[in-house]
Amino acid sequence: LISRAFRHQFIIPDWPDFTKHIEDSYWKCKSNSEGKVASYIPQLARMNPEYWGVSVCTIDGQRFSIGDTTIPFTLQSCSKPLTYAIALDRLGQEVVHQYVGQEPSGRNFNELVLDYNKKPHNPMINAGAILVGSLLKTLIKPEMTLAEKFDFTMNYFKRLAGGENLGFNNAVFLSEREAADRNYALGFYMREHNCYPDKSNLREIMDFYFQVNLFSIKDIKKCPITEEKVLKPDSVRDVLSLMHSCGMYDYSGQFAFKVGIPAKSGVSGSLLVVIPNVMGICTWSPPLDPLGNSCRGVQFCEELVSEFNFHRY
Ligand code: DON
């Protein structure tokens, strides 16, 4: 045991005890019947509100899952920190933040609004994520076709997920594209204000945004399964900082106050949570609160910090 600890292979030594707490919190949240499943496209509206799964992976590879963890779900906005991470890693913070801010918007995630510099407020809301997607192509490899950009990004996501649990849901992609008036409006609005690095092809930018929303992944930072360091530490720090301040829609301030750990939620009911240098957690349960966060996911995080000293402050 001591030699494993010296090799940094036992980040949570009393693992069975810890997973027992996770299990207890899981069952407490299971009985939460609040919230409504997203209904703007049929594929999400059909989701069973009873689905509830939690998966934990520590930085030394200890893993625990409970509940509905094998039913595929789309990543939706949980893709945003990951696309942002790729942009940071390839372009650096200075370049990326010439185009997108770091402020919570204080508004809905899809509000037609830019900051006082006429940039999207941050990469965790729709406008910011659409913009970051455009940087991946124009600034990293301008010659990439949309198909190559899809593969490029998918490969990155796969490396982050250790190659596991990653797919693409074409039916949801097609539906999203049909129900995307607001996202297109955001795309045009940003073009009107010269937000993109060049006069990019807006159709491609929007398609890429919808596609990335329909990937799925578990974890961020060094992949604990393959031990590959996919992202530079600075990129991880920046991503976690903005997840902390902007990751939970218009509940981000309250979440940072009460729970105090970086997280990002998606409209499918997915929630990525990072306890820096300890573990990543993914929860999934489709019913959402009025701000768009998974009701069981938020409750689970609150339970977690009431049991363990994970709040940053
Ligand atoms: O872009 C959209 O409107 C949907 N795919 C919702 C994405 C989402 O999870 C909301 N995020 N901030």
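Values in this document were obtained by computation on a predicted structure and should not be read as measured data. Remember, it's 1-based here, ligands and their atoms both numbered in the order they're listed. Side-chain atoms are counted along with the backbone in the values below, which use heavy atoms only and exclude waters and symmetry mates.
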Using a 4.0 angstrom limit on heavy atoms, which residues are close to ligand 1?
Y40, Q76, S77, K80, F109, N126, E176, N183, Y209, N213, Y249, G266, V267

My understanding is that only residues two or more places apart in sequence, or in another chain, count here; which of them pass side-chain hydrogen bond (donor to acceptor under 3.5 Å, both in side chains) with D207?
R177, R203

Is R159 close enough and on-axis enough to Y156, meaning under 6.0 Å and within 45°, for cation-pi?
yes

Whether F308 and H21 hold their rings parallel, tilted or perpendicular, with breakpoints at 30° and 60°
perpendicular

Measure up the F168 and F150 rings against each other and bin them: parallel (under 30°), tilted (30 to 60°), perpendicular (over 60°).
perpendicular

List for me each residue that meets salt bridge (charged side-chain N to carboxylate O under 4.0 Å, His left out) alongside K141, sequence neighbours excluded, and say none if there are none.
none

Only distances under 3.5 Å count here; give the side-chain donor-acceptor pairs of residues 264-272 to other protein atoms, sequence neighbours excluded, each with its distance to 0.1 Å.
| residue | atom | partner | partner atom | Å |
| --- | --- | --- | --- | --- |
| K264 | NZ | G247 | O | 3.3 |
| S265 | OG | N293 | OD1 | 2.5 |
| S268 | OG | T74 | O | 2.5 |
| S268 | OG | S270 | OG | 3.1 |
| S270 | OG | L75 | O | 3.3 |

